[in-house]
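Input: a single structure, listed below in structure tokens.
Predicted, not measured: the structure shown is a model, and the values here were computed from it.
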Amino acid sequence: MNFYLFIDLVVAGLVTGGIYAVVALGLNLQYGLMRIMNIAHGEFLMLGAYLTYTMVRLTGMSPLWFIPPMMVALFLLGLLLHRLIFRRLAATSPTIEAMESRSLIVGFGLMFIAQNAAQLIWGGGMSGQPYLDEAVKFGEITVAANRLLVLVVVAAASLALVLVLKKTLLGKAVRGMLQAPLGAMLVGIDTRKLHPACFGLGLALAGLAGGLLSMVYELTPAMGEPYTISALIVITLGGLGNIPGAIAGAVLLGLVETFGMYWTSPSLKILISYGVLVGVLLLRPKGLFTK
């Protein structure tokens, strides 16, 4: 392997890991705070991708103009879904385990509804419109401009979320709920407002990942499922509720997948991902980055 190929693989792995990080951060907030096993999380990535793609096709403008309002729309959708479905589940579930199992079943229902709605609206075939797909050269190193843009945006979004969680009062409340839910409620944190806001934020982050993917890859109604699985693997790698660990785990998984597919075959991507998951569960069941 020559140096330039190595750099190309590293960039590809970082882009993949960055997308995984954004998706996993949203799912980590939902599951870590509320024990909502939202197996339909990737479908909101798919919706974000299709909404961004549609607005670009209608207007001819840059997708970057439409990603922020799309994230707001998914945030509001998250508030609505939490109010109509998941708040009721939490109120009627006698135990945390019951909440997890019920939310898992509801998530499957949401997944099929979202996929079939997307198929009715956009069709079942592949669609896409690459944005900034020209090459950018750094000396002898060539990188696709859209991949570079995706890498910059996901890095900025991840850093912004980490800073919010560390530096703001809201972030401290979220971290308190992640680390000690009962203690956080005893000191007065209002979960009735925090839970729906974090659920909506999770969907908005999934939408961000989808909007970025629409600039690079082709879209299908079933494109979200692999990202849900990858997000669950990332959460396992980083540790439940560990936001920096989720980011590190996502980057690690992206690099392992990219180099693993180069050395073996792209068809073995799922096998590589599950191999990493099984290895971590056997050796470090609480996650690679937990103390």
Do [X] and [Y] make a side-chain contact, defined as non-hydrogen atoms from C-beta onward lying under 4.5 Å apart?
{"X": "Val22", "Y": "Leu212", "answer": "no"}
{"X": "Arg102", "Y": "Thr92", "answer": "yes"}
{"X": "Met71", "Y": "Ile67", "answer": "yes"}
{"X": "Leu149", "Y": "Leu64", "answer": "yes"}
{"X": "Thr59", "Y": "Trp65", "answer": "no"}
{"X": "Ile36", "Y": "Met99", "answer": "yes"}

To the nearest 0.5 Å, tell me how far [X] [atom1] sits from [Y] [atom2].
{"X": "Ile229", "Y": "Ile39", "atom1": "CD1", "atom2": "CD1", "result": "7.5 Å"}
{"X": "Asn38", "Y": "Met111", "atom1": "CG", "atom2": "CE", "result": "10.5 Å"}
{"X": "Phe199", "Y": "Arg83", "atom1": "CZ", "atom2": "CZ", "result": "14.5 Å"}
{"X": "His82", "Y": "Gln30", "atom1": "NE2", "atom2": "CD", "result": "9.0 Å"}
{"X": "Leu76", "Y": "Leu81", "atom1": "CG", "atom2": "CG", "result": "11.0 Å"}
{"X": "Leu213", "Y": "Asn146", "atom1": "CG", "atom2": "CG", "result": "11.0 Å"}

Open item on the list: Quick check: is Leu205 connected to Ile233 through a chain of hydrophobic side chains (ILVMFWY, heavy atoms under 4.5 Å apart)?
Closed with: yes
TODO: Could you pull out all residues at least two apart from Leu80 that satisfy side-chain contact (heavy atoms from CB on, under 4.5 Å)?
DONE: Leu84
TODO: Kindly write out the residues that satisfy side-chain contact (heavy atoms from CB on, under 4.5 Å) with Ser101, not counting sequence neighbours, or none if the list is empty.
DONE: none
Task: Glu100: partners by salt bridge (charged side-chain N to carboxylate O under 4.0 Å, His left out), with sequence neighbours left out - done: Arg35
- [ ] Kindly write out the residues that satisfy side chain to side chain donor-acceptor pair (under 3.5 Å) with Ser273, not counting sequence neighbours, or none if the list is empty.
- [x] Glu257
Task: Nearest atoms (heavy-atom pairs only) where Gly107 meets Ala40 - done: O-CB, 3.2 Å
TODO: Compare every heavy atom of Gly123 with every heavy atom of Pro221, then report the nearest pair and how far apart it is.
DONE: CG-O, 3.5 Å
Open item on the list: Quick check on side chain to side chain contact (heavy atoms under 4.5 Å, CB included): which of Asn28, Leu253, Leu25 does Val234 satisfy it with?
Closed with: Leu253
For a quick test of your reading: what N or O donor-acceptor pairs under 3.5 Å do the side chains of residues 41-55 make, sequence neighbours left out?
unit_1, atom_1, unit_2, atom_2, d
His41, NE2, Val23, O, 3.1
Glu43, OE2, Gln115, NE2, 3.0
Tyr50, OH, Leu219, O, 3.4
Tyr50, OH, Thr220, N, 3.4
Thr52, OG1, Gly48, O, 2.8
Tyr53, OH, Arg57, NH1, 2.8
Thr54, OG1, Tyr50, O, 2.7
Thr54, OG1, Trp122, NE1, 2.8

Task: Fellow cluster residues of Leu159, listed by chain then number, with links counted only when side-chain atoms sit under 4.5 Å apart - done: Leu163
